[in-house]
Enquirer: 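This is the structure I have questions about; it appears just below.
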Amino acid sequence: GEPVSSTAIRNFLSTGEVSNAAALLGRPYSLTGEVVHGDHIGRQLGFPTANLDLINAEGDDSARYKLIPADGIYAVITEIENRRLPGMLYIGNRPTVGGKHTVLEVNVLEFNGDLYGKRLTVHLIDRIRGDIHFGNMEELRLQLERDREATWKVLNNIENEVKSIRP
């Protein structure tokens with residue numbers, strides 16, 4: 001019953017409220033990127049990630065100017081070559097490892113394989129938590145395990161929504 005405005009959508013995304021943005025958009029907000037090499041830190045922790053270099057639907061890099069939601073961990077549906085798989089997206093500058101710039105990395109659950117050079121789309125379903133600086137890598141690994149459990153809970157509750165996202 002409320003008017004839909006681009007300002008309201010941007011505000012929701014800026015604060016990580018991607019489920020509210022999706023309600024106004026009529027679909028989950030999505031980001032598309034090409035998988036590029038990263039530092040392999042996630043792999044060392046048991047959470048391998050696909051690092052995304054944003055591109056738009058036409059394949060050029062103008063999508064670098066697309067609004068990136070607030071830093072944190074998100075439950076996502078990852079689209080890879082017409083397959084939809086559950087995932088956990090990280091947006092942030094990786095404070096625990098002294099990162100200097102914002103990265104987008106997705107841990108695709110139920111996937112094992114090489115994604116380098118492939119195009120991925122992540123549909124953001126809900127924010128799990130904000131970004132946190134951990135005292136050491138073991139604390140980070142334990143939190144990622146909790147984040148994965150929370151991601152599964154979110155995604156298991158939206159099975160019909162997952163089916164409605166077209167590959």
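All residue numbers in this chain count up from 1 along the given sequence. Owing to the predicted nature of the structure, the values given are computational and were not obtained by experimental measurement. Just so it is clear, the values below take in all heavy atoms, side chains as well, and ignore hydrogens, waters and symmetry mates.
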Enquirer: So which of Asp131, Asp71, Asn51 actually passes side chain to side chain donor-acceptor pair (under 3.5 Å) with Tyr90?
Expert: Asp131
Enquirer: Using 0.5 Å steps for rounding, measure from the OG1 atom of Thr78 to the CZ atom of Phe111.
Expert: 10.0 Å
Enquirer: Looking at CG of Leu144 and CZ of Arg148, how far apart are the two atoms once the value is rounded to the nearest 0.5 Å?
Expert: 8.5 Å
Enquirer: Working to the nearest 0.5 angstrom, can you tell me the gap between Thr32 OG1 and Asp53 CG?
Expert: 12.0 Å
Enquirer: Quick one: closest heavy-atom pair of Ile77 and Pro86, and the distance?
Expert: CD1-CA, 4.5 Å
Enquirer: Check whether Tyr29 reaches the backbone of Leu67 with its side chain - one donor and one acceptor, N or O, closer than 3.5 Å.
Expert: yes
Enquirer: Who passes side chain to side chain donor-acceptor pair (under 3.5 Å) against Glu105, sequence neighbours left out?
Expert: none
Enquirer: How far does CG of Leu120 sit from CG of Leu54, to the nearest 0.5 angstrom?
Expert: 11.0 Å
Enquirer: What's the spacing between Asn157 CG and Lys153 NZ if we round to 0.5 Å?
Expert: 9.5 Å
Enquirer: Which value, rounded to the nearest 0.5 Å, describes the distance between Ile68 atom CD1 and Leu52 atom CG?
Expert: 9.5 Å
Enquirer: So, are Glu145 and Arg141 salt-bridged, with charged N and O less than 4.0 Å apart?
Expert: yes
Enquirer: Quickly, which of Ile125, Ile128, Val106, Thr49 forms a side-chain contact (heavy atoms from CB on, under 4.5 Å) with Leu89? Name it, please.
Expert: Val106
Enquirer: Please name the pair of heavy atoms, one in Glu110 and one in Leu85, separated by the smallest distance, quoted to 0.1 Å.
Expert: O-CD2, 4.4 Å
